[in-house]
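The structure appears right after this line, and notes come after that.
Hydrogens, waters and symmetry mates play no part in the numbers below; they use all other heavy atoms, side chains included.
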Amino acid sequence: MASETSITFENVKERLDEIVDAVNDESISLDDALDLYEEAVKLGMQASTLLEEGLAQQDAEAEADGGSIDEANAASVSGTEQSVVSEDAGAADADERAEDAVSRLQ
């Protein structure tokens with residue numbers, strides 16, 4: 001799925017940032033805020049899929065190179081964890097702001 005549409009973590013983060021900005025606009029309608037929230041949730045699932053695919057690819061490369069999967073993962077985990085933590089924080093922030101916007105509109 002991700003390889004077909006060329007979706008990257010950077011694309012996901014960029015769109016989540018746009019959603020956060022849109023939800024922060026107090027003039028946003030409840031319907032629009034809910035639509036953006038649903039999109040943010042889907043983006044979170046796409047990011048999770050991208051992470052799983054990336055880890056599977058790293059595992060396959062490590063096995064092909066004759067190294068152990070644990071060694072390959074240990075070498076790249078800190079960078080991957082930083083990306084994931086950043087993405088998770090962005091998604092959580094977007095969720096929180098969407099909920100705030102929805103509650104203000106009610």
Beyond-backbone contact of [X] with [Y], side-chain heavy atoms, under 4.5 angstrom:
X     : Y     : value
Ile19 : Leu43 : yes
Thr8  : Val12 : no
Leu36 : Ile28 : yes

Backbone N/O of Val20 and side chain of Asn24: donor-acceptor pair under 3.5 Å: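 Checked: pair present.
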Under 3.5 Å donor-acceptor, Ser48 side chain and Gly44 backbone: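 No.
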Salt bridge (Lys or Arg N to Asp or Glu O under 4.0 Å) between Glu18 and Arg15, intermediate numbers included: CA-CA 5 Å; Glu18 292 170 1; Arg15 182 59 186 145; 3.0 Å; yes
Lys42/Glu39 ion pair, N-O < 4.0 Å: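 No, no charged N to carboxylate O under 4.0 Å.
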Shortest non-hydrogen contact between Leu50 and Phe9, atoms and distance: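 For Leu50 and Phe9, the tightest heavy-atom pair comes out as CD1-N, 3.9 Å.
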Spacing of Asp17 atom CG and Asp21 atom CG [to the nearest 0.5 Å]: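 Going from the CG atom of Asp17 to the CG atom of Asp21 covers 7.0 Å.
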Polar side chain donor-acceptor pair, Gln57 to Glu61, under 3.5 angstrom: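 Side chains of Gln57 and Glu61: pair found under 3.5 Å.
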Step-by-step side-chain hydrogen bond (donor to acceptor under 3.5 Å, both in side chains) determination, Ser29 to Asp31: CA-CA 5 Å; Ser29 71; Asp31 287 337; 5.5 Å; no
